[in-house]
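Only one structure is covered here, and it is reproduced in the block below.
We number each residue from 1, following the sequence as shown.
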Amino acid sequence: MAKTAGFSVFSVLVTGSDQGIGLGLVKRFLELPCPPKWVFATSLDLQGEESKEVRELACKHPNLVVLQLDVTNLESIQSALKEVEKCVGEGGMNILINNAGTSSPNDLETENAKDMMRVYSVNTIGPLQMTQAFLPLLKRAARRSPCQGLSSSKAAIINISSIAGSIENVVFLKNVKIIAYRCSKVALNMLTKCQALEYSADGIMSIAIHPGSVKTARNPHPGMSVEESTQGIMKVLSTLSEKDNGTFLDWLGRHVSW
């Protein structure tokens, strides 16, 4: 178990958390010795089979709220924001984890505008729009926090990126083309850097995290378990400080090349 005994936040929202890494992060927050008063999980389809586990989890944890959310739809984002604000009130939002993501199998020969725009819409524009919408709640949490400097206990934007978006370290290119996904994560990394520069004055930190190669329903290739990845991410979140603002880290807290 990650050493997160002293980690405590009032509220956290994880996009794309009906399965995989997102659901794993929701579980890790609920398992904390001092869990958040509010944990918000989101799903594209609340009635779908993929949402069954997180719905059942909400029945056992009164501090877990499951919301319908499409990060590419502004009306959906605003609807989720209103529900979150009803719950958190003046406490604001401590952590926004932009985890929702998608991909396409296309290589350089087959990549096309339609698929690329769909991937960018979820992986890059989605985190931008979510942060824009929830920024007032993040600022509210930062103002109310007794913490000095920057930390995820105060207010943080956590963008789930990928080493596939590292320009310096282009790994697995021969075997895993996923051109749109790679390009969208490079753009997400730049967005993270811009957010770090812009929002630090408001007491909000921003980082990008590579969760590792994780075996999930959508990614059945060999890799570590969701639990191992998310336990690592939780430990990283619990130890973040001002020096980490605007960095690209992996699930073990190691720096990843841009």
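At a threshold of 4.5 Å between side-chain heavy atoms, the hydrophobic network of Ile, Leu, Val, Met, Phe, Trp and Tyr places V9 and I207 in one connected group. The hydrophobic clustering, which links ILVMFWY residues whose side-chain heavy atoms are closer than 4.5 Å, places V236 and M205 together. Grouping the Ile, Leu, Val, Met, Phe, Trp and Tyr side chains by contacts below 4.5 angstrom, directly or via other members, places I157 apart from L150. With hydrophobic clusters built from ILVMFWY side chains whose heavy atoms lie under 4.5 angstrom apart, L188 does not share a cluster with I77. Taken together through direct or relayed side-chain contacts under 4.5 Å among Ile, Leu, Val, Met, Phe, Trp and Tyr, Y181 and M190 form parts of separate hydrophobic clusters.
Within the 3.5 Å criterion, the main-chain N or O of G203 finds no donor-acceptor partner in the side chain of R143. A donor-acceptor pair is defined here as one N or O able to donate and one able to accept, closer than 3.5 Å; such a pair exists between the side chain of D70 and the backbone of T72. A donor-acceptor distance shorter than 3.5 angstrom exists from the side chain of S17 to the backbone of V14, with no hydrogens or angles considered. Checked by atom type and distance alone, the side chain of K139 never pairs as donor or acceptor with a backbone atom of A155 at under 3.5 Å. Side chain of R144 to main chain of E90: a donor-acceptor pair is present (N/O by atom type, distance under 3.5 Å, no hydrogens or angles). Distance alone, capped at 3.5 Å, places no donor-acceptor pair between the N159 side chain and the P127 backbone. No donor-acceptor distance shorter than 3.5 angstrom exists from the side chain of N245 to the backbone of E242, with no hydrogens or angles considered. Using a distance-only test at 3.5 Å, with no hydrogens or angles considered, no donor-acceptor pair links the side chain of S206 to the main chain of G246. With hydrogens and angles ignored, the 3.5 Å screen pairs no side-chain donor or acceptor of R55 with any backbone N or O of V66. Without hydrogens or angle criteria, T110 side chain to D107 main chain gives a donor-acceptor distance under 3.5 Å.
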field: Criterion salt bridge (Lys or Arg N to Asp or Glu O under 4.0 Å) on E83 and K86, from CA distance to verdict
entry: CA-CA 5 Å; E83 292 302 312; K86 286 179 187 176; 3.2 Å; yes
Notebook entry, point to check: Where do R254 and L249 land on the side chain to side chain contact (heavy atoms under 4.5 Å, CB included) test, with the steps shown first?
Noted result: CA-CA 5 Å; R254 301 172 299 194; L249 306 174; over 6 Å; no
**OP:** Apply side chain to side chain contact (heavy atoms under 4.5 Å, CB included) to F134 and L13, showing your working.
**Re:** CA-CA 10 Å; F134 282 83; L13 185 149; 3.9 Å; yes
### Message
Go through it in stages, so that I can follow the logic: the residues are Q231 and K235, the test is side chain to side chain contact (heavy atoms under 4.5 Å, CB included), and I'd like the CA-CA distance, side-chain angles, deciding distance and then a yes or no.
### Response
CA-CA 6 Å; Q231 283 182 353; K235 185 174 181 181; over 6 Å; no
Test log, rule side chain to side chain contact (heavy atoms under 4.5 Å, CB included), inputs L138 and N94: CA-CA 6 Å; L138 289 162; N94 293 110; over 6 Å; no
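The shortest heavy-atom contact between S153 and S8 is OG-O, 3.6 Å. For A133 against Q78, the heavy-atom pair with the smallest separation is CB-NE2, 4.0 Å. Considering all non-hydrogen atoms of both residues, A41 and L64 come closest at CB-CD1, 4.0 Å. Here the closest heavy-atom approach between residue S184 and residue N123 is recorded as OG-ND2, 3.0 Å. Annotation for E111 and I179: closest pair OE1-CB, 3.8 Å, computed over non-hydrogen atoms. The two residues S257 and S166 have their closest heavy-atom pair at O-OG, 2.7 Å.
The side chain to side chain contact (heavy atoms under 4.5 Å, CB included) search around Q132 returns L128, Q129, not counting sequence neighbours. Take E198 and apply the side chain to side chain contact (heavy atoms under 4.5 Å, CB included) test, not counting sequence neighbours, and it matches no residue. Not counting sequence neighbours, the partners of K27 by the side chain to side chain donor-acceptor pair (under 3.5 Å) test are E53.
From I209, atom CD1 reaches atom CG of D250 across 9.0 Å, with rounding to the nearest 0.5 Å. Taking CD from E168 and CD1 from I163, the interatomic distance works out to 10.5 Å, rounded to the nearest 0.5 Å. Separation of atoms CG (D115) and OG (S103) is listed at 9.5 Å; rounding is to 0.5 Å. Taking CG from N63 and CZ from F40, the interatomic distance works out to 9.5 Å, rounded to the nearest 0.5 Å. Between the CG atom in D45 and the CG atom in L69 there is a gap of 12.5 Å [rounded to 0.5 Å]. To the nearest 0.5 Å, atom OG1 of residue T247 and atom NZ of residue K193 are 7.5 Å apart.
A salt bridge does not link E85 with K82: none of the charged nitrogens is closer than 4.0 Å to a carboxylate oxygen.
The closest side-chain heavy-atom distance from S145 to F10 is not below 4.5 Å. Two residues are said to be in side-chain contact when any heavy atoms from C-beta on lie closer than 4.5 Å; P36 and S11 fail this criterion. Taking the side chain as every heavy atom from C-beta outward, N106 and K177 never approach each other to under 4.5 Å. With a 4.5 Å cut-off on side-chain heavy atoms, M116 and C183 count as touching. Using a 4.5 Å heavy-atom cutoff, the side chains of W258 and V186 are not in contact. Between V88 and L137, some side-chain heavy-atom pair lies under the 4.5 Å cut-off. S152 is listed as a side-chain neighbour of F7, based on a closest heavy-atom distance under 4.5 Å. Side-chain contact check for V26 versus V39: some heavy-atom pair is nearer than 4.5 Å.
Ring-plane geometry between W251 and H210 is classed as perpendicular, the angle between the planes exceeding 60 degrees on a 0 to 90 degree scale with a lower cut at 30.
Under the side chain to side chain donor-acceptor pair (under 3.5 Å) rule, S161 has a single partner from N98, T192, N189, which is N189. Each of V214, L23, I21 was compared with T230 under the side chain to side chain contact (heavy atoms under 4.5 Å, CB included) criterion, and only I21 meets it.
Counting only N and O atoms by type, the side chains of D18 and S43 include a donor and acceptor under 3.5 Å apart. Side-chain polar atoms of Q68 and S76 form a donor-acceptor pair below 3.5 angstrom. In summary, the side chains of R118 and S104 do not present any donor paired with an acceptor at a separation below 3.5 Å, with no hydrogens or angles considered.
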